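As the structure is a prediction and not an experimental result, all values here were calculated from the model. Order of listing sets the numbers, starting from 1, for every ligand and every atom in it.
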Amino acid sequence: MLIRQRPDLTENDVTPPVHFADRRRLILQAATLLGGSWLGRAAQATPRELPGSAFGKLPEGDKLTPLAEITSYNNYAEFSSDKKAVRILAQALTLDPWSISVEGEVEAPFTVDLQDLTKLFATEERIYRFRCVEGWSMVVPWSGFSLCQLLARARPTSRAKYVQFISLKRASEMISQRPGSMPWPYREALRIDEAMHPLTMAVTGLYGRPLPKQNGAPLRIVVPWKYGFKSPKAITHIRLLAEQPINFWQQLSASEYGFFGNVNPDVPHPRWSQSRENRIGELRKRPTLYLNGYAEQVAHLYQGADARSLY
Ligand SMILES: Nc1nc2c(c(=O)[nH]1)N[C@H]1C(S)=C(S)[C@@H](COP(=O)(O)O)O[C@H]1N2
Ligand SMILES: [Mo]
């Protein structure tokens, strides 16, 4: 289950070019085409091909996972538990119109249309490691902005201690939401200090193009020091709460999906070790990094807490 077959690249792995607003994006798009698909893996995009930003550097010892892999090996329970089927099934999702509401323990709740959202906040590129609790990982060049900008706009009250994310519920398009055992919609949450941390990202794109449907279009959250289930897709509501909520996977199996989901090589999953991981595209497993390699930035959030209590 943890070892995957590599798909053959086809032209379908290249999404059609889109209109880019500025030259920076055109350059990135070119790098993507060279690196991601047409010329094959040998010509993978290097960090120098990606325009710089404070967070845009490729982590030491890592290389970008090709676009074709990021967009064809997906976890998205609303569509399928088959990672390869998600890419096809998710195309049924319609993205327009789409609005995001920020509500709950805030002084200035608002609802914003997705188009306006991208006008409000400047988009930047950031390369993050992405680690699933199942033991595989990737390196993804996301585009988006720090979630804290969106939250600040709603002015959280002093009672706001948690931030909950609610994904779309639309059984007519999300085929696995047809009546069954799962507690839809998908819900995830962070402690407010985690949600306000500048690494926590509201993501609208990857590889310099609009976010593919299978990766959570039109808006998802990415929390790079936590297991992938803490990075919810297709967000419609962000709710600030006084109490810690129960999350989707946590409700289904609390022993396997804790509230925190911090990447930690020393805290095994009940059914497997987390000490090593399978980086997609590599033959040999590599050691799992504490907080997925972001300890320097975020370890202070967990000072004095027992690692196991943070699972
Ligand atoms: N709405 C929603 N978000 C979700 C999931 C899901 O099933 N539904 N799966 C999560 C899990 S377990 C992982 S590993 C990542 C996968 O993201 P990717 O397909 O972009 O790699 O999405 C997360 N976000
Ligand atoms: Mo995952």
> So do the side chains of V263 and W225 get within less than 4.5 Å of each other, counting heavy atoms only?
Replying inline: no
> Would you call K161-E105 a salt bridge at under 4.0 Å N-O?
Replying inline: no
> Applying a 4.0 Å heavy-atom criterion (strictly less than), which segment of S231 is in contact with ligand 1: side chain, backbone, both, or neither?
Replying inline: backbone
> Please state which protein non-hydrogen atom is closest to atom 10 (C) of ligand 1 and give its distance, to 0.1 Å?
Replying inline: Y186 OH, 3.5 Å
> Is Y73 close to ligand 1, meaning an N/O of one under 3.5 Å from an N/O of the other?
Replying inline: no
> Under a 4.0 Å N-O cut-off, is there an ion pair linking D193 with R191?
Replying inline: yes
> ligand 1 versus F248, non-hydrogen atoms closer than 4.0 Å: side chain, backbone, both, neither?
Replying inline: neither
> Below 4.0 angstrom, N of the basic side chain to O of the carboxylate: do E282 and R284 qualify?
Replying inline: no
> For ligand 1, which atoms sit closer than 4.0 Å to a heavy atom of C132?
Replying inline: 14 (S)
> What are the atoms of ligand 1, with element, lying closer than 4.0 Å to any heavy atom of S167?
Replying inline: 1 (N)
> Under 3.5 Å between some N or O of ligand 1 and some N or O of W249?
Replying inline: no
>> So if I count the atoms of ligand 1 from 1 in the order they appear, which ones are less than 4.0 Å from some heavy atom of P232?
In response: 3 (N), 24 (N)
> Is there a donor-acceptor pair closer than 3.5 Å between any side-chain N or O of S231 and the backbone N or O of V223?
Replying inline: yes
> At a 4.0 Å threshold, what atoms of ligand 1 neighbour a non-hydrogen atom of Y76?
Replying inline: 1 (N), 6 (C), 7 (O), 8 (N)
> Which residue and non-hydrogen atom of the protein lie closest to atom 9 (N) of ligand 1, and at what distance in Å?
Replying inline: N75 O, 3.4 Å
> Among all protein non-hydrogen atoms, which one is nearest to atom 18 (P) of ligand 1, and what is the separation to 0.1 Å?
Replying inline: K233 NZ, 3.4 Å
> Do ligand 1 and F229 have nitrogen or oxygen atoms that lie under 3.5 Å from each other?
Replying inline: no
> With sequence neighbours excluded, what pairs up with R153 under the salt bridge (Lys or Arg N to Asp or Glu O under 4.0 Å) test?
Replying inline: none
> For atom 23 (C) of ligand 1, what is the nearest protein heavy atom, given as residue, atom name and distance?
Replying inline: G228 O, 3.2 Å
> Are V203 and L151 connected in a single hydrophobic cluster, I mean Ile/Leu/Val/Met/Phe/Trp/Tyr linked by side-chain heavy atoms less than 4.5 Å apart?
Replying inline: yes
> Ion pair present between E277 and R131, side-chain N to carboxylate O less than 4.0 angstrom?
Replying inline: yes
>> Tell me the contacting part of R220 for ligand 1: side chain, backbone, both, or neither, using a 4.0 Å heavy-atom threshold, strictly below.
In response: side chain
>> Among all the protein's non-hydrogen atoms, which is closest to atom 1 (N) of ligand 1, and how far away is it?
In response: E78 OE2, 2.9 Å
>> When you compare the side chain of I127 with that of V139, does any pair of heavy atoms fall below 4.5 Å?
In response: yes
> Got an N/O contact under 3.5 Å between W142 and ligand 1?
Replying inline: no
> Just distances here: any N/O of W136 and N/O of ligand 1 closer than 3.5 Å?
Replying inline: no
>> Tell me the contacting part of A77 for ligand 1: side chain, backbone, both, or neither, using a 4.0 Å heavy-atom threshold, strictly below.
In response: both
> Would you call K83 and E134 a salt bridge, using N to O less than 4.0 angstrom?
Replying inline: yes
>> Between D113 and K119, does any NZ, NE, NH1 or NH2 come within less than 4.0 Å of an OD or OE carboxylate oxygen?
In response: no
